[in-house]
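Shown next, in structure tokens, is the structure this report addresses.
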Amino acid sequence: MTLNIAHRGFSGKYPENTMLAFEKASEAHCSGIETDIQLSKDGVPVLIHDETLDRTSNGTGLVKDYTYSELLKLNFGSGQKIPALEDFIAFSKEKNLFINLELKNSIIAYEGIETITLNLLDKYSYPKDKVILSSFNHYSMVNIKALDISYKTGLLYDCWIYEPGNYCRLCRADAMHPQFFSVLNKDIVDNIKLQGFQINTYTVNEAEYMKKLLQLGVDGIITNYPDMLNQIMQ
Ligand code: G3P
Ligand code: MG
């Protein structure tokens with residue numbers, strides 16, 4: 001059964017990466033949630049897509065220049081506060097959700113973000129088969145495996161990687177996480193799947209492409225509209 005992964009929560013209808021969007025995704029019966037991790041000035045992992053606050057809150061400037069308590073004063077839409085990763089892990093464990101934690105360390109290489117994230121997952125004994133870490137920074141994903149080989153990793157990319165299955169093995173990863181246009185092709189999907197790796201594609205918001213990817217047999221679809229994907233899967 002293909003995983004229905006809500007991108008930044010139910011971000012098609014609610015403010016992205018907020019507890020409201022995560023709750024609504026769960027109510028819409030997603031199988032999992034994808035979210036983005038950056039670090040505050042005092043090293044607290046917080047959930048926000050951009051390195052800067054401007055697009056999604058009433059704050060300005062870089063997330064990394066504010067302490068967690070300063071970030072908590074901001075409004076991320078509908079009165080929502082910035083979630084800490086710990087809040088999200090506690091919530092998702094309670095709801096028995098699959099989680100895709102994207103480390104946002106390809107623009108700012110937050111030192112220690114891998115260890116901080118794994119330590120929190122360990123603290124909550126998050127089931128290893130219910131979590132995958134991903135990043136556009138593939139060195140970081142190799143680092144995760146060096147820290148704890150039992151955590152799953154996925155390699156994010158938005159280009160047409162040649163022989164993606166071979167590249168996945170090279171990075172000791174468990175999955176490829178392509179922008180979906182680069183895998184609308186049976187040979188490319190097979191190159192990954194026949195070597196025993198998984199494919200979770202992002203960000204698929206149109207019914208036409210959801211159907212195509214389901215036919216191609218991808219393992220997970222990351223979407224802003226988990227409700228639409230559920231309807232198509234039924
Ligand atoms: O993890 C899938 C997707 O979220 C990657 O791109 O920019 O939406 O974080 P972005
Ligand atoms: Mg993301």
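All residue numbers in this chain count up from 1 along the given sequence. Whatever order the structure lists ligands and atoms in, that order sets their numbers, starting from 1.
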Sequence neighbours excluded - ring pair (Phe, Tyr, Trp, His ring centres under 6.0 Å) pairs with any residue from residues 80-115 = F22-F88
What ring pair (Phe, Tyr, Trp, His ring centres under 6.0 Å) pairs are there with at least one residue in residues 27-76, not counting sequence neighbours?
-> none
Is the shortest side-chain N to carboxylate O distance from [X] to [Y] below 4.0 Å?
{"X": "K193", "Y": "D219", "value": "yes"}
{"X": "E23", "Y": "K95", "value": "no"}
{"X": "K152", "Y": "D129", "value": "no"}
{"X": "R55", "Y": "D50", "value": "yes"}
{"X": "K145", "Y": "E114", "value": "no"}

Quick one: ligand 1 N/O to protein N/O pairs below 3.5 Å?
from     : atom 1 : to   : atom 2 : distance (Å)
ligand 1 : 1 (O)  : E34  : OE2    : 2.8
ligand 1 : 1 (O)  : E102 : OE1    : 3.2
ligand 1 : 4 (O)  : H7   : NE2    : 2.8
ligand 1 : 4 (O)  : E34  : OE2    : 2.7
ligand 1 : 4 (O)  : E102 : OE1    : 3.2
ligand 1 : 7 (O)  : H49  : NE2    : 2.6
ligand 1 : 8 (O)  : H7   : NE2    : 2.9
ligand 1 : 8 (O)  : R8   : NH2    : 2.8
ligand 1 : 9 (O)  : D36  : OD1    : 3.3
ligand 1 : 9 (O)  : H49  : NE2    : 3.2
ligand 1 : 9 (O)  : E102 : OE1    : 2.8
ligand 1 : 9 (O)  : K104 : NZ     : 2.7

Test item: V183 and L216 side chains (from C-beta on) under 4.5 Å apart, heavy atoms = no
May I ask you to list the protein N, O or S atoms found at less than 2.8 Å from the Mg ion (ligand 2)?
-> E34 OE2, D36 OD1, E102 OE1
Is the backbone N or O of Q179 less than 3.5 Å from a side-chain atom of S182, with the two atoms forming a donor-acceptor pair by type?
-> yes
